[in-house]
Amino acid sequence: MKNNFEDQVKALSRTLLLFLFLLVFLIGGLFYFKMYPEKLHSKKETFKEIVDVDTEIENGIHIETGFVADEGMEVTIQNCTNCHSAKLVTQNRMSKEGWKATIKWMQETQNLWDLGSNEDLIVSYLAKNYAPVAKGRRQNLEDIEWYELE
Ligand code: HEC
């Protein structure tokens, strides 16, 4: 009789311990997702929700973002305007390598997702429409009124 009672107590404490573990696990999970809510969704899903591209174009410029209308613009808008304004992209001028490096930097440090098969299209679009402007040597000065130093 005594043995049986002890067994029951042991079984009960084991069950309680199991519940305690589950509780700790549950609370830990709740805290984790409260701190990192983005982990609940896959990144690819979230950006489709956020960016609903309005395709209105005027004089070759996409009105809402200021992007130049060209092949690859839509996919660039979808992937490049969620975290910062489109201006941060359009005010820059870079070569293909430069754009690739910027994207790589954002992927490594700013949580930018893998662009997959869209990367080539985006980089080509950017390198074509936001290429470095070659300045070369400045133009000669004309119509200057020179004066003598005394
Ligand atoms: C996941 C978020 C995120 C996405 C998406 C994103 N970026 Fe960024 N990007 C950042 C952050 C953060 C910065 C730094 C902003 C700052 O300095 O204020 C940044 C900065 C930049 C800069 C400025 C870099 C510099 O040297 O100052 C450029 C250009 C840029 N992004 C282009 C792009 C392009 C092109 C895309 C699409 C392929 C893109 N971004 C998508 C997060 C993102």
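Whatever order the structure lists them in is the order used to number ligands and atoms, beginning at 1. Residues: numbered from 1 along the sequence shown.
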*Atoms in ligand 1 flagged as close to Asn79, the criterion being non-hydrogen separation under 4.0 Å*: 5 (C), 37 (C), 41 (C)
*Quick one: are His84 and Gln110 in side-chain contact, heavy atoms under 4.5 Å?*
no
*Taking atom CD of Gln78 and atom CD1 of Ile122, what is their separation to the nearest 0.5 Å?*
9.0 Å
*How far is atom 14 (C) of ligand 1 from its nearest protein heavy atom, and which residue and atom is that?*
Trp105 CH2, 3.8 Å
*Residue Leu126 vicinity, atoms of ligand 1 by number, heavy atom under 4.0 Å*: 35 (C)
*According to a 4.5 Å side-chain heavy-atom criterion applied to Ile, Leu, Val, Met, Phe, Trp and Tyr, with indirect links allowed, do Met106 and Leu88 form part of one hydrophobic cluster?*
no
*Is the closest protein non-hydrogen atom to atom 7 (N) of ligand 1 under 4.0 Å?*
yes
*Enter the distance from Asn111:CG to Cys83:SG here, rounded to the nearest 0.5 Å.*
8.0 Å
_Shortest protein contact, atom 28 (C) of ligand 1 (heavy atom only)_ = Thr102 CG2, 3.8 Å
*Determine, considering heavy atoms only, which of Lys100, Met106, Met94, Lys87 sits nearest to atom 39 (C) of ligand 1.*
Met106
*Please indicate whether Gln91 has more than 12 foreign heavy atoms, meaning atoms of other residues, nucleotides or ligands, lying under 6.0 Å from its CD.*
yes
_Could you report the tightest heavy-atom contact between Leu112 and Asn79, atom names first, then the distance?_
CD1-O, 4.2 Å
*Counting heavy atoms not belonging to Glu71, are there more than 12 under 6.0 Å from its CD?*
no
*To the nearest 0.1 Å, how far is atom 3 (C) of ligand 1 from its closest protein heavy atom, and which atom is that?*
Cys83 SG, 2.6 Å
*Cationic N near anionic O, under 4.0 Å, Lys10 to Glu6*: no
*Could you list the atoms of ligand 1 found under 4.0 angstrom from a heavy atom of Cys80?*
34 (C), 35 (C), 36 (C), 37 (C), 38 (C), 39 (C), 41 (C)
_Donor-acceptor pair, distance only, cut-off 3.5 Å: does the side chain of Tyr125 make one with the backbone of Val68?_
yes
*What residue and atom, counting heavy atoms only, is the protein's closest point to atom 12 (C) of ligand 1, and at what distance?*
Gln110 OE1, 3.1 Å
*asked:* Are any of the N/O atoms on Asn92, whether in the backbone or the side chain, positioned under 3.5 angstrom from an N/O atom of ligand 1?
replied: no
*asked:* Looking only at protein heavy atoms, which one is nearest to atom 10 (C) of ligand 1, and what is the separation?
replied: His84 CD2, 3.2 Å
*Do you see a protein non-hydrogen atom under 4.0 Å from atom 17 (O) of ligand 1?*
no
_Yes or no, since that's all I need: does a protein heavy atom fall within a distance strictly under 4.0 Å of atom 25 (C) of ligand 1?_
no
*Would you give the length of the straight line joining atom CH2 of Trp99 to atom OH of Tyr130, rounded to the nearest 0.5 angstrom?*
8.5 Å
*asked:* Counting non-hydrogen protein atoms only, what is the nearest one to atom 20 (C) of ligand 1? Give residue, atom name and distance.
replied: Leu88 CD2, 3.4 Å
_Only heavy atoms of Asn111, strictly under 4.0 Å: list the atoms of ligand 1 that pass._
1 (C)
